[in-house]
Amino acid sequence: GENVEQHPSTLSVQEGDSAVIKCTYSDSASNYFPWYKQELGKGPQLIIDIRSNVGEKKDQRIAVTLNKTAKHFSLHITETQPEDSAVYFCAASNLYNFNKFYFGSGTKLNVKP
Amino acid sequence: NAGVTQTPKFRVLKTGQSMTLLCAQDMNHEYMYWYRQDPGMGLRLIHYSVGEGTTAKGEVPDGYNVSRLKKQNFLLGLESAAPSQTSVYFCASSYAQYEQYFGPGTRLTVT
């Protein structure tokens with residue numbers, strides 16, 4: 001099956017700095033890559049996603065890049081704010097075999113004011 | 001809209017006891033999922049459903065059963081709880097094969 005690895009496991013940045021979280025996947029058939037934010041005591045919430053036919057997607061301060069050849073994708077958060085502090089999960093999925101939804105192990109982001 | 005709700009929020013079971021977790025969604029989504037979340041392991045898919053009356057196994061189905069008798073509800077059952085099933089359980093739903101909406105979770109402890 002798919003193997004999704006996520007790094008780093010913890011990340012601490014100063015408010016206003018950028019944060020980058022990276023994920024790699026193993027199954028070349030994966031074609032959908034969402035990112036979720038999980039705040040303490042809550043369920044994960046989708047913040048951005050990208051499909052394999054696109055190399056980059058941006059939504060205000062967050063962006064995701066995908067390198068299909070290297071099988072890795074990254075989450076970029078610019079101008080970080082204390083409310084960005086949370087655990088972030090990447091995932092890889094095959095939309096034609098949609099039950100195969102594999103999550104990374106998570107990155108705990110701490111934004112220091 | 002309430003979105004995805006889960007009942008109960010917390011539960012403590014003794015080994016061998018049984019229980020049912022209830023997930024309800026009011027978004028008219030076809031697809032529903034049950035995940036478990038363990039420290040350092042992300043989320044793992046237990047079972048899923050592609051519509052009313054259907055269920056299928058995910059990555060870690062052993063020890064669990066599910067039912068989807070109504071489109072809006074997805075039940076997860078533990079027939080004989082084991083300490084290895086101590087975890088946080090999340091339900092999710094989606095309209096299509098992406099953008100899953102998650103519930104707030106159920107924290108289960110099996111002693």
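Here is the naming used below: chain letters follow the sequence lines, and residue numbers restart at 1 for every chain.
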B:Leu45-A:Leu46 co-clustered via ILVMFWY side chain contacts under 4.5 Å: yes
Side chain, backbone, both or neither of A:Pro44 within contact of chain B (heavy atoms, under 4.5 Å): both
Structural part of A:Gln45 lying under 4.5 Å from a heavy atom of chain B: neither
Side-chain heavy-atom pair B:His47, B:Thr55 within 4.5 angstrom cut-off: no
Donor on one side chain, acceptor on other, B:Gln37 and B:Tyr35, under 3.5 Å: no
Contact origin within B:Glu59 toward chain A - heavy atom pairs under 4.5 Å: side chain
Ion pair check, B:Arg44 and B:Asp38, cut-off under 4.0 Å: yes
